[in-house]
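First listed ligand is number 1; within each ligand, the first listed atom is number 1. Numbers here are sequence positions counted from 1.
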Amino acid sequence: MWEDLKALRQTKRKHNLVALFGADPARAERFTMQACDLRLDISKTHIDDEVLEALTALCDRNGLAERREAMFDGAKINETEGRAALHTALRNFSEEPVLVDGADVMPDVRDSLERMSAFARDVRSGRLRGTGGSFTDVVSIGIGGSDLGPVMATLALAPYHDGPRLHYVSNVDGAHIFDTLKGLDPTRTLVNVASKTFTTSETMTNAHTTRAWMQAGGGDPAQQFMAISSDAARATEFGVPLEHIFGFSDWVGGRFSIWGPIGLPVMLAVGPEHFREFLHGGYQMDSHFRSAPWAENLPALLALVGLWHSRVCGFRSRVVVPYDQRLARLPAYLQQLEMESNGKSVGMDGRPVRGATGAIVWGEPGTNGQHAFFQLLHQGTQAVPCEFLVAARGHEPELAHHHRLLVANCLAQSQALMIGRSLRQARAMAAEAGFTGVEQERQARHRVFPGNRPSITLAYPLLTPGVLGQIVALYEHRVFVEGVILGINSFDQFGVELGKEIATSLGPVLEHGHGDVELDGSTAALIAYLRDEAGKAQSGGAPGLRFGPPDPERPRRS
Ligand SMILES: O=P(O)(O)OC[C@H]1O[C@](O)(CO)[C@@H](O)[C@@H]1O
């Protein structure tokens, strides 16, 4: 099927985006689709009717509708781990039951949301408190899927943030926990340990350090720790009281978990009602995904455009540029969602996949990206499809002039990528600048923009909790559609294991200089150097941080 699409592309190689618009005055309208509050414009890509038809045929050919319903119905579509992938149940506002192994999971989902809401109300109202009074700060410790979603959403929903201050710690680098705890009051800080497995070494190391900090500073971990985990026994063993533990099932994958208890820090920040609006946004996108024909289906279209670019056109990466500062962490969130889900080279059938799978996703908010990497996007030797996000208005009406400038920049970039600047125009510019002869030609060539570079734009009225829910669910389903068409399992992540295992065995070597692990020459030399340097400058401790005695309990291996 990919060969046919590549052949189709060959017939369109000479197509130019500007010419496509010239030939079809209705192009923008025909290739812009609206769903819920989102408007997706794919008209600035090389997709035309014929390509769209060929791409949407991939959905049917790969049984997408059946796979989609299997996902929503709780079938064990994560076949390598024998699990359902049912994050959609966490935002299911319908009355329909959702069965896993014959049992309806919805009563538990609703109970869990109620418990989260009650807890959030207690924290926000000051009914639950630390030894020094009501909670002023929450430190949420987690990594990967237990961190990226809440971090992204807390920033995105800053205008709704009226609860305690939120701080996220993910990196095992002591600098992260040190800089976070510095200045916080251990008696008025609530600490959340978010870990599906409750074994991840980064998270457990940070949790132990924070517990020691709290004990040394007069706080009470039994009162001020909470946990979000599928393994309540481990959380209890750590010392978190049962009424502060929020569990979730194995059918919620880490990177899809923001909709349930993992999203509780967001709820603490913005309140249960706004969190519910976020869930409802996700549910609206689910309903659209389940009902819209492929050619109008936003998740399917996003996936198909992505596959067209990566699999057919051979573009190596895609850049996500939100012209929305509060979506600054969206690129990092999407990086995990896309790359951990679809960065696979073996198909569902156990055979190698031929051709590119998950795209390399990167990005930064606009306008900052313009002053960093856009040079390459406009004049570099490789085309990088751009995905712009932009709101019609900001949350600060008094700063509407900022917002106009922001939007102008977003539109200018997608236009510039498309129209470029010809050599003739560049020559005229160079001449106007006073250059003549050979120098004029040389200067002109540096000012040429090839143009014809594809981009898509996702626009929405305002970044509300509901819109954020729609956006996140949109990207989740995009990843799912890509996975189905590529024939891979988007819900496992065996690729993260090996490095973790090796890190565990290298720990003792770094500590004692030897261990039960075979070292290659490079690693051995690096260890020798790092141990040597570390030995020269023993740090004098952490000014401003008060720790108790080192915790005898070592974090478990993940
Ligand atoms: O929530 P846990 O179990 O601490 O895992 C954190 C993250 O680690 C991974 O398993 C691998 O990086 C992610 O999928 C997950 O989100």
S.K.: Excluding sequence neighbours, so at least two apart, what forms side-chain hydrogen bond (donor to acceptor under 3.5 Å, both in side chains) with S341?
M.R.: R255
S.K.: Could you tell me if R290 sits above the aromatic ring of F72, with its cationic atom closer than 6.0 Å to the ring centre and no more than 45 degrees from the axis?
M.R.: yes
S.K.: Enumerate the protein residues lying less than 4.0 Å from ligand 1, judged by heavy-atom distances, in chain and residue-number order.
M.R.: I143, G144, G145, S146, S195, K196, T197, T200, G254, Q336, E340, Q493, V496, K500
S.K.: Of T180, N192, D147, T154, which meets side chain to side chain donor-acceptor pair (under 3.5 Å) against Y168?
M.R.: T154
S.K.: Does the ring of F135 carry R129 above it, NZ/CZ under 6.0 angstrom from centre and within 45° of its axis?
M.R.: no
S.K.: Salt bridge (Lys or Arg N to Asp or Glu O under 4.0 Å) with R83: which residues, sequence neighbours excluded?
M.R.: E81, D250
S.K.: If the condition is salt bridge (Lys or Arg N to Asp or Glu O under 4.0 Å), which residues does E482 pass it with, not counting sequence neighbours?
M.R.: R318, R478
